[in-house]
Protein chains: 4
Amino acid sequence: MIASHTRQRRKEARPKELLDAALDVFVRKGFAATRTDEVAARAGVSKGTLYLYYPSKEELLKAVIRERLSSAIAASADEVARHGGSAAELLRGSMVRWWRSIFDSPASGVFKLIITEVRNFPEIADFYYREVVEPGHRLIGDVLRRGIASGEFRPVDVDATVYSLVLPMVMLCLHKHSLAACPHAETAPGCASRVPVLDPQHFIAQHFQLVLRGLLADSASAHAAPEKPAAAARRARREAA
Amino acid sequence: MIASHTRQRRKEARPKELLDAALDVFVRKGFAATRTDEVAARAGVSKGTLYLYYPSKEELLKAVIRERLSSAIAASADEVARHGGSAAELLRGSMVRWWRSIFDSPASGVFKLIITEVRNFPEIADFYYREVVEPGHRLIGDVLRRGIASGEFRPVDVDATVYSLVLPMVMLCLHKHSLAACPHAETAPGCASRVPVLDPQHFIAQHFQLVLRGLLADSASAHAAPEKPAAAARRARREAA
Amino acid sequence: MIASHTRQRRKEARPKELLDAALDVFVRKGFAATRTDEVAARAGVSKGTLYLYYPSKEELLKAVIRERLSSAIAASADEVARHGGSAAELLRGSMVRWWRSIFDSPASGVFKLIITEVRNFPEIADFYYREVVEPGHRLIGDVLRRGIASGEFRPVDVDATVYSLVLPMVMLCLHKHSLAACPHAETAPGCASRVPVLDPQHFIAQHFQLVLRGLLADSASAHAAPEKPAAAARRARREAA
Amino acid sequence: MIASHTRQRRKEARPKELLDAALDVFVRKGFAATRTDEVAARAGVSKGTLYLYYPSKEELLKAVIRERLSSAIAASADEVARHGGSAAELLRGSMVRWWRSIFDSPASGVFKLIITEVRNFPEIADFYYREVVEPGHRLIGDVLRRGIASGEFRPVDVDATVYSLVLPMVMLCLHKHSLAACPHAETAPGCASRVPVLDPQHFIAQHFQLVLRGLLADSASAHAAPEKPAAAARRARREAA
DNA sequence: AATGAATGAGGGTTCATTCAT
DNA sequence: AATGAATGAACCCTCATTCAT
């Protein structure tokens, strides 16, 4: 009984173990450069076993991404919904907390995978838009709209502001798995003039701080009166020409 | 005579043609997934010719990155130095203009290449830090420090603010060569609720607008008084625990 | 009780079921191209079970051939021995009847297996010569010699004539499992000029007819007056029913 | 010049060399059991080179069959057309001569290939019917019909008789590449009672002799008086030399 | 006796690199 | 300088066989 459990447990655990191993290696080496043996070895099985669970390397990639995106987004909705407070608090507090839970987990690597592989496997773009971009954008956009409606925020361009908040978070995930993962890069000896090492937690706190300050309504700040979105767009186009 | 001239011109132009072709394909497919034939074909030469100019695929990659980084950074220093005005003007005006010159050129792809390949070729990190991160950081940091010294800006955490300004710009370059390059991703039919397509120029304008507003000194905005950097860091650590 | 009976029956029936399944798949796909899973699946057991009965794929092949050859030859001796009549009758009657019993059964596939696999497994040649070629040749040769001795047949080259009688029969078995098994090959639409589909029963009747006529001594020709082709075809169909 | 010729000649000769090598190994081992390395090695090139000329093992197989069938059939029409004489002479003389040119060449193996592989690659059946079965059947059928019309032959079932003539020839080709190719099979020591080794040339001569005798109209029998077996064998050997 | 998960050697195919022309 | 035919190491994937249950 217990014995059969062992086998059984093993079999049920395999897919997750393989996906974890695959995520790790894909993120480290890139999809094309990872050998299936390496994934198998890291999951503690032989190469053949991999193919009992996933029919090809490519399907493995998609499964990895699908699995991580689905679980990530499930967590996110809860997190934001569970917390209350002012719009500013919601943004700074629960968003950052949620982001950190991704940043600190292997899921952070999925962003790199997506950036790297969408052009070779366009279906991936579909997952990503459906599971992450759209629900995430709506979630944050709603918080912003609520803040604007309540007079807490200035009437800014909501879509652009969502990106102002989100893009640096994504960028930090990418950074973590590329430059930040290169051992000696940031700590080259004898370079006093080096840029200080980026502390992601600190940076995100500062970033939200900065953006929120730009976002808050302030009747006294006459000289920084917000442009209307439409006007801003017009100016942007002028400058682009 | 003319023939030899042509030949000569051809010969001198080859390295550039090869680098351009390589950048294009590397960025599109990723380094590991591009075949040398494809680079050669795109440059209009045979596979063998490629090896007359670069001793290996890997060296070709490094040459591509080196070349683009060097010329990009050369342009940047000039650009910022040539323009005057308030610190806010400098940031919004010349930085955005400089960024756009990269974003609109194939050089924008280099960011993707670096993100993708540093972990496999750590020397790339060295180029990148030396040629881009450090001088760029110093340049923008100096503008910020000048603005703070003159009282135009609040006394913010300079390093973090540099990243708040820069990371979204980099992120747009990555986006351009990944999700934005997937034909149908953003324009799936019958999806009224879709996130609006990201217009990079417009977004960057809005982003700078937002950050600058958070940056400007404003004696009246008492309730949004800046934390001291040290205090912020402390709080970040508390929340991380 | 019943259960154990069933189980017992099952167990005893297994080897035959496996051999039948194996013959079918080996003949269809060829030995090297068939997967052991497929044989097992067709026998309704798991892959592991196959190995309880046969130690390897190769041994399975040999067992298949051995079993079919032995039972085929056992039937043949009886058949010819049981029948009397003129030599011509013996050849046309009992031989064709015996051939048909093979042609209409899965045993017909063994010829294809042998043709295909002898060179990779030379032991197979030994079975085949010992169990089929030699006894068969002797059997038919004896009938011919008896006919020659009695003056019914001309004094022909006995060995060659045996082959003239036998080779087309073997060839029809091969045909059945190769070209004749290709669905559309013989029935391609819109091809009025196509070769008429080969009806094995009819052909064998005609062939024996033709050969016997070449074989009969001149004085005997009368009593072996040729059937009309149409009549022969009718008879062939009757016998096939 | 001569040097460039060497390279050039090599390149032009490659496809033929590869097809020859492939035919040889495919016939010997069977398609599924042959390794591409072996084909390449036998053609004196590396495995990679094979793939410069044929995109896959399967395409190589088809090319082998296509090439042999096309050239075989081209030869055949000429051969039969060039010769005259009585219908009986045409059949025995030019058909046998043509058959021998196939039997004595590697092309004889194609029949084994087809028998073995049609079921896995049904397109092969199309080639075969189009290039061999149909034209061949028509060619021989016409000779028979001419003989019947002229009164030289009895009014037999033409289609069946074509097969009576042809199937043994095909069967000999199969035999050559299966049982006859097993070294010790026919010559097992100490077996006095063994079936005499089949001499293909002799057998075919005898077979045509036998069938023709069954075919000839009674009045014609005289001028087609049977050779004595011994004489026939002698003649066969003469012609083979 | 039966299962089916696991293995790993083996084979088809690709592609960076070389080199004769 | 340029070519492109040739190479062969490497990689994805398959499948005969084993073995714990």
Side-chain angles (χ1 to χ4, degrees), chain A residues 1-8 10-12 14 32-40 44-58 60, chain B residues 4 7-8 10-11 14 32-40 44-60, chain C residues 4 7-8 10-12 14 32-40 44-60, chain D residues 1-8 10-12 14 32-40 44-60:
Chain A
M1 272 262 205
I2 288 176
S4 90
H5 261 192
T6 305
R7 233 341 155 96
Q8 199 57 29
R10 222 56 217 283
K11 196 202 161 186
E12 276 161 15
R14 277 285 138 78
T34 90
R35 278 168 289 138
T36 50
D37 322 36
E38 197 171 354
V39 173
V45 299
S46 77
K47 203 176 13 171
T49 301
L50 181 60
Y51 286 85
L52 293 179
Y53 294 88
Y54 300 95
S56 72
K57 196 184 167 193
E58 187 175 332
L60 178 60
Chain B
S4 85
R7 182 74 79 90
Q8 197 59 30
R10 221 52 219 275
K11 189 195 157 190
R14 278 284 141 77
T34 90
R35 280 170 294 136
T36 51
D37 317 37
E38 196 169 357
V39 172
V45 299
S46 76
K47 206 172 17 167
T49 302
L50 184 60
Y51 283 84
L52 293 178
Y53 293 88
Y54 301 96
S56 73
K57 197 184 169 192
E58 187 175 331
E59 287 306 317
L60 177 61
Chain C
S4 86
R7 180 76 78 93
Q8 197 58 31
R10 220 55 220 276
K11 190 193 156 190
E12 278 161 13
R14 276 285 142 76
T34 90
R35 280 169 294 135
T36 51
D37 318 37
E38 197 169 356
V39 172
V45 300
S46 77
K47 206 172 18 166
T49 302
L50 184 61
Y51 282 84
L52 293 177
Y53 292 89
Y54 300 95
S56 74
K57 196 183 167 192
E58 187 175 333
E59 287 305 318
L60 178 61
Chain D
M1 271 265 203
I2 288 175
S4 90
H5 260 193
T6 304
R7 237 332 160 98
Q8 198 58 29
R10 222 57 218 281
K11 198 205 159 183
E12 276 161 15
R14 277 285 138 76
T34 88
R35 278 170 286 136
T36 50
D37 323 36
E38 198 170 353
V39 173
V45 298
S46 77
K47 203 172 20 165
T49 301
L50 181 60
Y51 285 85
L52 292 178
Y53 293 89
Y54 299 95
S56 72
K57 196 183 167 193
E58 186 176 332
E59 286 305 318
L60 178 61

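At whole-Å resolution of the value, CD in Glu58(A) and C1' in dC11(F) are 16 Å apart. When rounded to the nearest whole Å, the span between OH of Tyr51(C) and P of dA6(E) equals 18 Å. Atom CG of Leu60(B) is separated from atom P of dA16(E) by 11 Å (rounded to the nearest Å). Straight-line distance from the CZ atom of Arg14(A) to the C1' atom of dG4(E): 13 Å, rounded to whole Å. Straight-line distance from the CD atom of Glu59(C) to the P atom of dT17(F): 10 Å, rounded to whole Å. The separation between Asp37(A) atom CG and dA10(F) atom C1' is 10 Å, rounded to whole Å.
You'll find that the side chain of Tyr53(D) is closest to dA6(F), out of dA6(F), dT13(E), dT14(F). Nearest to the side-chain atoms of Ser56(A) among the listed nucleotides dC13(F), dA16(F), dT17(E) stands dC13(F). Ranking dA16(F), dT7(F), dA16(E) by closeness to the Val45(D) side chain, first place goes to dT7(F). Which of dA1(E), dA6(F), dA1(F) sits closest to the side chain of Leu52(C) comes down to dA1(E).
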Could you summarise the pairing of DNA chain F as dot-bracket text, marking Watson-Crick and G-U pairs under 3.5 Å with ( ) or [ ] inside the strand and | across strands?
.||||||||||||||||||||

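For the atom pair Asp37(C) CG and Lys47(C) NZ, the distance stands at 4.0 Å (nearest 0.5 Å).
Scored by the salt bridge (charged side-chain N to carboxylate O under 4.0 Å, His left out) test, Lys57(D) finds no partners at all (sequence neighbours excluded). Every residue two or more places apart in sequence or in another chain that forms a side-chain contact (heavy atoms from CB on, under 4.5 Å) with Tyr54(C) is listed here: Pro15(C), Leu18(C), Leu19(C), Leu60(C), Ala63(C). Residues forming a side-chain contact (heavy atoms from CB on, under 4.5 Å) with Ser46(C) (at least two apart in sequence, or on another chain): Thr49(C).
Within the 4.0 angstrom heavy-atom criterion, no nucleotide atom of any strand lies near Tyr54(C).
Each of Pro55(C) and Leu50(D) was assigned the nucleotide of DNA chain F with the nearest heavy atom; the assignment lying further toward the 5' end belongs to Leu50(D).
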Strictly under 3.5 Å: I want the nitrogen or oxygen pairs between protein and nucleotides 8-10 of chain E, one per line.
unit_1  : atom_1 : unit_2   : atom_2 : d
dG10(E) : O6     : Lys47(A) : NZ     : 3.3

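The shortest distance between the side-chain N/O atoms of Thr36(B) and the OP1/OP2 oxygens of dC15(E) is not below 4.0 Å.
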